[in-house]
Amino acid sequence: MIEISNVSHNIDGAPILSDVSLTIPRGGITALIGPNGAGKSTLLSLIARLVRLQSGVITVDGADVTTTPTDTLARKLSILRQDNSVAARLTVADLVGFGRYPHHKGRPAPEDHALVDHALEMMGLTQLRDRFLDELSGGQRQRAYVAMVLAQDTDYVLLDEPLNNLDMKHAREMMERLKAAASQGKSFVIVVHDINFAAAYADLIVALKDGRVHSLGTPAEIVTRPKLGEVFDLDIVVETVGGHPLALHQIAPPPQTGT
Amino acid sequence: MKSPALHMLLALTSLVIMAALSLMIGASDMNLGAVIRGEGDDTLILLASRIPRTLAIILTGVSMAISGLIFQMLTRNKFVEPATAGTAESAGLGLLIAIAFFPAAPLLAKMSIAALCAIAGTLLFLRILDRLPPHEPLLVPLVGLMLGGVIGAVATFFAYQADLLQYLGIWTTGEFSGVLRGRYELLWITGILALIGYLYADQFSIMGMGRDVSITLGLDHRTVMWIGLIIVSVTTAVVVVTVGAIPFLGLIVPNIVSRIMGDNLRAAVPWAASLGAGALLLCDIIGRVIRQPYEIPIGTIFGVVGAAVFLYLLLGRQSHAVR
């Protein structure tokens, strides 16, 4: 369980998060949605101790992220940031292998190699394992980063836009794999832009707006025309297809007649 | 790439051959048979001059190459090395201060002052680096060269005032002709530092992936930064004090290794070490043979050979990208 209590954050005097309190349950997929600048990425960075907490408390399974030793947290929680510019020339297998570093500290055991192989396979990268990252396409590289985070094998995995650069096939496959891992007890907190991925795969959706938690609930509760209208300041038609709410955000709603 | 072990064996074999050549070549004739029979001055030449010189070259090559590799990981910039970050110039300034104010101090003490100045200069460089826009990688070595220029100018002015200019020339151009038994042993410190660098190879590789990734992987970012900083600065200071700076060794060798092997330092460090030592040995042999019995400074030879190799690499990369 990730508990966020009274977290506020300013960058150069501009409020990014204002008094956010939120409990993210253990197990399952939690999706953070909201317009640009709502504070989603900042919240993830604060949970993952990449940015120093200015006020409030965040605990992960009871461990305070500001006081718990960083290498202890590294075995509990991992994060993939949105802007990955790993300039180092590493092969895919090297990169994913470093995901095991918090566990083996430089002396990989057979079990570490097995987990790396497994992560590579999960992301469909086994064929590409000896390729350098700068020789890959954007989507392949993105899968390599996700594989690295999965190899870290932490209970909590924070992913900021994991579907970046992925084509439809790989995007769906990735979500299916996260869902499968979540059903085995892993907890994922993901920021997704495509609201329909959140609607289809998340167990809990947290909508952020202007640095505050606007609302939270199941996809059926959040992905509705009135809620989305408030969060995104946009009139979005929501249909139900195969039991899932489906937001038709690409299309402007037909003009209402008779009013 | 089929068998890295075989390639490493080949590299080490050629290194041994070059080291043997380096022992044989010199201004005075030396005969291995005579050494074995214990005749004449040959044993003395071997022990007092040839072996120290060869060891000094190997230690310098190994440690400067590894320092460059580590420095590039810490700054995440392929163009950074002690000569493009103000480190070497700061070490020179420190040594100058030591000679001017504590002329009677032992060499080890003078070297320590040089090392402290090198650390301070490198810290200053890293502070400036934090303020540079991250998407302008070429700005980093430019600013580093400028910083080095400013520190170098201060040192020159100071040396001019204190009438120590001739020393400055010695420290800024690496030279192994003056290496004798008793005058190179400090270099073993660089060997130890290079070994420590290898022990921290994984940490430095992770640093090369950036701050966020290193925190996520549970690395104590500050501590590893300091360890790297000290390895690079002290190595540079020792090399400057004993044989003089060899500019661009720490730039060219790691870049060649990175192109071929990648930046996983666990694998790259042994290659950088052998290539660094091999390149210096070769340049030193060329410098000694080309106009015997005179010598051409190793820095000159290295500059010519290194620049050619580096240009080839840069252009080769370009045509590769176009295809």
Side-chain angles (χ1 to χ4, degrees), chain A residues 41 44-45 47-52 65 68-108 112 130-135 144-145 148-149 151-152 154 156-160, chain B residues 1-2 4 69-70 72-80 133-138 140 198-224 254-269 271 313 317 320-321 323:
Chain A
S41 297
L44 280 197
S45 296
I47 298 172
R49 72 193 176 304
L50 300 184
V51 176
R52 190 184 291 271
V65 297
T68 308
T70 184
D71 57 332
T72 311
L73 277 176
R75 293 190 291 270
K76 252 185 210 302
L77 171 127
S78 54
I79 184 173
L80 178 67
R81 288 283 304 265
Q82 188 180 352
D83 44 346
N84 287 291
S85 52
V86 170
R89 226 171 106 80
L90 294 173
T91 63
V92 174
D94 281 342
L95 178 83
V96 179
F98 279 119
R100 296 301 303 159
Y101 180 80
H103 303 273
H104 64 60
K105 295 280 165 72
R107 288 158 212 256
D112 295 305
D130 292 324
R131 292 269 286 275
F132 283 110
L133 288 176
D134 52 9
E135 301 165 353
Y145 295 137
M148 175 189 191
V149 173
Q152 202 174 336
T154 50
Y156 295 90
V157 180
L158 316 179
L159 302 169
D160 198 346
Chain B
M1 276 290 206
K2 267 180 218 153
L69 204 55
I70 292 173
Q72 284 151 28
M73 286 290 130
L74 295 181
T75 55
R76 304 182 68 197
N77 190 306
K78 287 267 179 274
F79 302 103
V80 170
H135 301 296
E136 298 279 356
L138 281 174
V140 172
Y198 182 56
L199 292 179
Y200 277 88
D202 282 335
Q203 279 94 323
F204 292 134
S205 303
I206 291 172
M207 293 289 278
M209 289 190 269
R211 180 182 167 273
D212 288 351
V213 175
S214 26
I215 293 177
T216 302
L217 293 179
L219 215 64
D220 188 343
H221 192 263
R222 275 180 70 92
T223 308
V224 179
N255 269 284
I256 293 173
V257 172
S258 170
R259 285 302 308 156
I260 300 168
M261 298 287 302
D263 289 330
N264 188 349
L265 294 205
R266 185 65 64 195
V269 161
W271 281 99
L313 272 174
R317 188 182 196 168
H320 200 71
R323 265 176 248 141

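Each chain gets a letter, A, B and so on, in the order the sequences are listed, and its residues count up from 1.
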### Query
Looking at Tyr101(A) and Asp202(B), what are the two nearest heavy atoms and their distance?
CE1-CB, 4.0 Å
### Task
To the nearest 0.5 angstrom, please state how far the OG atom of Ser205(B) sits from the CG atom of Leu90(A).
7.0 Å
### Message
Please classify the contact of Leu199(B) with chain A as side chain, backbone, both or neither, using a heavy-atom distance under 4.5 Å.
### Response
neither
### Electrostatic pair Asp212(B)-Arg81(A), nearest N-O below 4.0 angstrom
yes
### Task
Decide side-chain contact (heavy atoms from CB on, under 4.5 Å) for Thr70(A) and Ile215(B); before the verdict, give the C-alpha distance in whole Å, the side-chain angles of both, and the deciding distance to 0.1 Å.
CA-CA 7 Å; Thr70(A) 184; Ile215(B) 293 177; 4.3 Å; yes
## Note on the structure
Closest non-hydrogen atoms of Ala88(A) and Gly208(B), given as atom of the first, atom of the second and distance, are CB-O, 3.8 Å
## Note on the structure
The reported gap from CD in Gln203(B) to NZ in Lys105(A) (rounded to nearest 0.5 angstrom) is 9.0 Å
### Message
Can you tell me which portion of Leu95(A) sits under 4.5 Å from chain B's heavy atoms? Options are side chain, backbone, both or neither.
### Response
side chain
#### Entry: Reported OG1-to-CG distance for the pair Thr216(B) and Leu50(A), which is rounded to 0.5 angstrom
4.5 Å
### Query
Hey, is the main chain of Asp263(B) close enough, under 3.5 Å, to the side chain of Arg89(A) for a donor-acceptor pair?
no
### Query
Non-hydrogen atoms of chain B under 4.5 Å away: do they reach the side chain of Ile79(A), the backbone, both or neither?
both
#### Entry: Min side-chain heavy-atom separation Met261(B)-Thr91(A) under 4.5 Å
no
